[in-house]
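Here the structure is laid out as structure tokens; the discussion comes afterwards.
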There are 2 protein chains.
Amino acid sequence: MRPLIHPSIDDITVEGILHALSDPVRASIYAGLACRGGATCTAFQQVSDRTIPKSTLSQHFRALREAGLVRSERCGVEMRNTTRCEEIEQRFPGLIPAILRAHQVQAGDTPPPGTPRRKVAAKKAGKR
Amino acid sequence: MRPLIHPSIDDITVEGILHALSDPVRASIYAGLACRGGATCTAFQQVSDRTIPKSTLSQHFRALREAGLVRSERCGVEMRNTTRCEEIEQRFPGLIPAILRAHQVQAGDTPPPGTPRRKVAAKKAGKR
DNA sequence: TCTATAGTTCATATATCCTGAACTACGGTA
DNA sequence: TACCGTAGTTCAGGATATATGAACTATAGA
């Protein structure tokens, strides 16, 4: 089992962050971590309505980790994952909050100012 | 020649935007468009020190266009590309500016407050 | 030691990306 | 009208990345 790779803050790139968060599964994992503060892999087995295989989930966590977005450390039998928000905020101020907020807007949780409520409801209801 | 696809503002997704801008070539194309206000494809043949084949460039423009980041319209023999900044700003406030700023930070143009100049210079010099 | 749980690694099928070659679209000239 | 040049697109292929089941590693507890 190879050691976990956590890039130093200076090796974290914008491209890496954007690519990692451009996948909906990874984005929701990251959003979940950001609001809960930390969680294990299995806590995310039920993302987006269907069950994601744990190997896939493991790869997603690896992608987040190697992009520098997440720090993972073994904690007994499980793996504790936490975001590296503060570090990234220092290097790229405002980037992560803007992305998280955009994801919320898209999910309909926080519509941009001026959006009529009906429009949001319609969006959440169907239209795919 | 199939008609150009421009998603309506409501069909633009965060994932699509992040994915489009996670490629360094596309990111620099977009940044160039954003600061110049508009340009043709060939204006970007010399991005990032080496010549990019025009087929590749065309695909990159298509990716930006279909992500909703850019509007392209034929203008005589050439294609005029402009960003859709204002629309996206309305839907996802702050997202694009944050990404562009992060790219600038990374390029060393606008270091985050407190960064010693030496560090930036060392970064630009080599280290790949 | 044996078993269960949590997660990783590997192999492979699938999808996406990059690029040269061929093509389309348009403007200008004769 | 035909022909040429420029700008950009599409296609086909190889290279690269992603998803996932099966097998594996690591740890805790009995």
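So that the names make sense, note that chain A is the first sequence line, chain B the second, and so on, each numbered from 1.
The shortest distance between side-chain heavy atoms of A/I17 and B/L18 does not fall below 4.5 Å.
Of the candidate nucleotides C/dT8, D/dG8, D/dA19, D/dG8 has the atom lying nearest to any side-chain atom of B/T42.
Cluster note: A/I5 groups with no other residue, as no ILVMFWY side-chain heavy atom lies under 4.5 Å from it.
Under the 4.5 Å side-chain heavy-atom criterion for Ile, Leu, Val, Met, Phe, Trp and Tyr, A/L64 and A/I9 are members of the same hydrophobic cluster.
Rounded to whole Å, atom C1' of D/dT10 lies 13 Å from atom CG of B/L4. Rounded to a whole Å, the CZ atom of A/R62 is 14 Å from the C1' atom of D/dT20. Following rounding to the nearest Å, A/L57 (CG) and C/dT9 (P) show an atom-to-atom distance of 14 Å. The distance from atom CZ of A/F44 to atom C1' of C/dA6 is 15 Å, rounded to the nearest whole Å. We find that CZ of A/R80 is positioned 12 Å from C1' of C/dA6, with the value rounded to whole Å. Atom pair A/M79:CE and D/dA28:C1' shows a separation of 15 Å (rounding to whole Å applied). A straight line from CG of B/L64 to C1' of C/dC17 spans 14 Å, rounded to a whole angstrom. Between the P atom of D/dA7 and the CD atom of B/E73 lies a distance of 18 Å, rounded to the nearest Å.
One finds the OG1 atom of B/T13 at 10.5 Å from the NE2 atom of B/H19 (value rounded to the nearest 0.5 Å).
No donor-acceptor pair closer than 3.5 Å links the side chain of A/E15 to the backbone N or O of B/P24.
A close approach under 4.0 Å does not occur between any side-chain nitrogen or oxygen of A/S55 and OP1 or OP2 of D/dA19. Contact between the side-chain N/O atoms of B/R65 and the OP1/OP2 oxygens of D/dT9 is found at a separation under 4.0 Å. Contact annotation: A/H19 reaches the phosphate of D/dT18 (side-chain N/O to OP1 or OP2, under 4.0 Å).
In terms of the side chain to side chain contact (heavy atoms under 4.5 Å, CB included) criterion, residue partners of B/P97 (sequence neighbours excluded) are, by chain and number, B/E89. Take B/S55 and apply the side chain to side chain contact (heavy atoms under 4.5 Å, CB included) test, not counting sequence neighbours, and it matches B/P53. Remark: A/A34 engages A/T83, A/L100 in a side chain to side chain contact (heavy atoms under 4.5 Å, CB included) (not counting sequence neighbours). Every side-chain hydrogen bond (donor to acceptor under 3.5 Å, both in side chains) that B/H60 has, sequence neighbours left out, goes to B/R26.
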Provide a list of protein-nucleic acid N or O atom pairs under 3.5 angstrom, restricted to nucleotides 12-14 of chain D.
none

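Nearer the 5' end of DNA chain D, as judged by each residue's closest nucleotide, is the contact made by B/F61, out of A/D23 and B/F61.
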- Would you mind building the protein contact string for nucleotides 23-29 of chain C? One character per nucleotide, 5' to 3', B for base within reach (heavy atoms under 4.0 Å), S for sugar-phosphate only, - for untouched. -BSBS--
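Within 3.5 Å, no donor on the side chain of B/S58 pairs with an acceptor on the base of D/dG8, nor the reverse.
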Could you tabulate the donor-acceptor pairs under 3.5 Å formed by side-chain atoms of residues 66-81 of chain B, not counting sequence neighbours?
residue	atom	partner	partner atom	Å
B/R71	NH2	B/E87	OE2	3.2
B/S72	OG	B/R65	NH1	3.1
B/S72	OG	B/N81	OD1	2.8
B/R74	NH1	B/G76	O	3.4
B/N81	ND2	B/A39	O	3.2

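Overall, the helix from C/dT1-D/dA30 to C/dA30-D/dT1 carries an axis bend of 10° between its ends, with five pairs at each end and the value rounded to 10°.
Because its NZ or CZ atom is not both nearer than 6.0 Å to the ring centre of A/Y30 and within 45° of the ring axis, A/R84 does not count as a cation-pi partner of that residue.
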- Item | Verdict with reasoning, B/E86 to B/I88, per side chain to side chain contact (heavy atoms under 4.5 Å, CB included) | CA-CA 5 Å; B/E86 306 77 21; B/I88 295 176; over 6 Å; no
